[in-house]
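First the structure, in the form of structure tokens, and then the observations on it.
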Amino acid sequence: MSWWCAATGAPWSWAWQAFPGVWIVIAVLVGSYAWALRSLQPAHFAADDQPVTRREIALFGLGVLALWVGMDWPVGLLAAGYLLSARTLQNLLFVMVAPPLLLLGTPRWLLRRLLRGRHAFRVARWLSRPLLPLLLYNAVLIGVHLPPAVNVTGGSQLLTFMLDMLVIASGLVFWWPALARLPELQPMGYPGRIGYLLLSVFVPTVPAVFYTYARYPIYRLYELAPRVSNIPAVADQQVAGLMMKSLGGVILFTVMSVMFFRWHRVEGRAPSSPPSSSSHRPAASS
């Protein structure tokens, strides 16, 4: 029995397969979340905080579901050694879908509890600035799409597991400054967060262009893999490129649109200060 989805070279079968390692990861994640909500919730909350809501639990549950779909059969196995398009779908779930849902589903008081240590808070504050998350996310994005990384990890359950965890971690790092969950970390305002996401739209187009317009398969793993439903390797590669360009962009532009309207609503609520005689007096030194 395989513990994690990895390439085996066996002909593809639509018969269900069990991967206990995936179930263990999901169970640990759900169990840790449930234990934290039950055991770590404080008696008093900050002004911008509240007890966990049903909405937060639902968002976290959807994030876990997205991870489960990407890790388990059939998507996880197809991505590990059969279809590049399935691997692209998996990466979208790991980076663009699951991480923001998990972060939005984690109450602020729990995030504060996790970042209570001085070093953890410092790292979280560094990651709230745009430069470091962009560098880390793009480095992982480029690294996991290099042919040596794809071809070498294909047949190893351990390496595939480590690569999956790395991609998920890069997604959490990427979304951390964009969602700005904790005001004490001095996150970017809406204009900065929209610009941050806008910059991120263009980087995935680089591998997507190669996938879409290459005449030959880029990865040996998917070129030599047993065919699924007689889909040619080049056609599968082109589908992967179209998915990377379209689906990722749709998600990012949707989030940016929501942020823009929230920004507009916040600006509309800001009261304009009426003129007064004190406005002509020199400001007192602080």
Distance-only donor-acceptor hits, side chain of residues 237-248, under 3.5 Å, sequence neighbours excluded:
unit_1 : atom_1 : unit_2 : atom_2 : d
Q237   : OE1    : I218   : N      : 2.7
Q237   : NE2    : Y216   : O      : 3.2
S246   : OG     : L242   : O      : 2.6

In the structure I gave you, are the side-chain heavy atoms of [X] and [Y] within less than 4.5 Å of one another anywhere?
{"X": "L29", "Y": "V25", "answer": "no"}
{"X": "V234", "Y": "P217", "answer": "yes"}
{"X": "L78", "Y": "R87", "answer": "no"}
{"X": "W4", "Y": "V22", "answer": "yes"}
{"X": "M162", "Y": "T153", "answer": "no"}

Expected output: side-chain [X] to main-chain [Y] donor-acceptor under 3.5 Å:
{"X": "D236", "Y": "P232", "answer": "no"}
{"X": "S156", "Y": "V152", "answer": "no"}
{"X": "Q157", "Y": "S2", "answer": "no"}

Tell me which pairs pass salt bridge (Lys or Arg N to Asp or Glu O under 4.0 Å) where either residue lies in [range], with sequence neighbours left out.
{"range": "residues 215-235", "result": "none"}
{"range": "residues 177-205", "result": "R112-E184"}
{"range": "residues 113-128", "result": "none"}

Compare every heavy atom of [Y] with every heavy atom of [X], then report the nearest pair and how far apart it is.
{"X": "P133", "Y": "L127", "value": "CG-O, 3.1 Å"}
{"X": "S128", "Y": "P177", "value": "O-CB, 3.6 Å"}
{"X": "M256", "Y": "I194", "value": "SD-O, 3.5 Å"}
{"X": "Y82", "Y": "A10", "value": "OH-O, 2.7 Å"}
{"X": "L182", "Y": "P187", "value": "O-CD, 3.6 Å"}
{"X": "Y219", "Y": "V150", "value": "CE2-CG2, 3.5 Å"}

Euclidean distance, [Y] [atom2] relative to [X] [atom1], rounded to 0.5 Å:
{"X": "N91", "Y": "L141", "atom1": "CG", "atom2": "CG", "result": "8.0 Å"}
{"X": "D48", "Y": "Q50", "atom1": "CG", "atom2": "CD", "result": "9.5 Å"}
{"X": "S200", "Y": "M96", "atom1": "OG", "atom2": "CE", "result": "7.0 Å"}
{"X": "L132", "Y": "L136", "atom1": "CG", "atom2": "CG", "result": "4.5 Å"}
{"X": "L92", "Y": "I251", "atom1": "CG", "atom2": "CD1", "result": "6.0 Å"}
{"X": "W176", "Y": "L185", "atom1": "CH2", "atom2": "CG", "result": "6.0 Å"}

If two hydrophobic side chains count as joined below 4.5 Å and joins carry through other members, does [X] share a cluster with [Y]?
{"X": "L199", "Y": "L179", "value": "yes"}
{"X": "F253", "Y": "V250", "value": "no"}
{"X": "Y222", "Y": "L146", "value": "no"}
{"X": "W126", "Y": "L111", "value": "yes"}

Among all residues two or more places apart in sequence or in another chain, which pass the side-chain contact (heavy atoms from CB on, under 4.5 Å) test with [X]?
{"X": "R55", "answer": "T53, L59"}
{"X": "P51", "answer": "Q41, F45"}
{"X": "L37", "answer": "Y33, V52, I57, P107, W109"}

Quick one: list whatever passes ring pair (Phe, Tyr, Trp, His ring centres under 6.0 Å) with [X], sequence neighbours left out.
{"X": "F94", "value": "none"}
{"X": "Y196", "value": "F174"}
{"X": "W175", "value": "none"}
{"X": "W14", "value": "W12"}

Which pairs would a plain distance check flag for residues 66-77, meaning a side-chain donor or acceptor within less than 3.5 Å of a matching protein atom at least two apart in sequence or in another chain?
unit_1 : atom_1 : unit_2 : atom_2 : d
W68    : NE1    : D72    : OD2    : 2.8
D72    : OD2    : W23    : NE1    : 3.0

- Query: With L83, which of L89, V228, T88 fulfils side chain to side chain contact (heavy atoms under 4.5 Å, CB included)?
  - Reply: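 Passing option: V228.
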- Given the rule in the side-chain contact (heavy atoms from CB on, under 4.5 Å) test, do V95 and S170 qualify, once you have shown the distances and angles that lead to the verdict? CA-CA 7 Å; V95 175; S170 72; 4.3 Å; yes
- Can you say whether the rings of F260 and W263 are parallel (under 30°), tilted (30 to 60°) or perpendicular (over 60°)?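 Correct class here is perpendicular.
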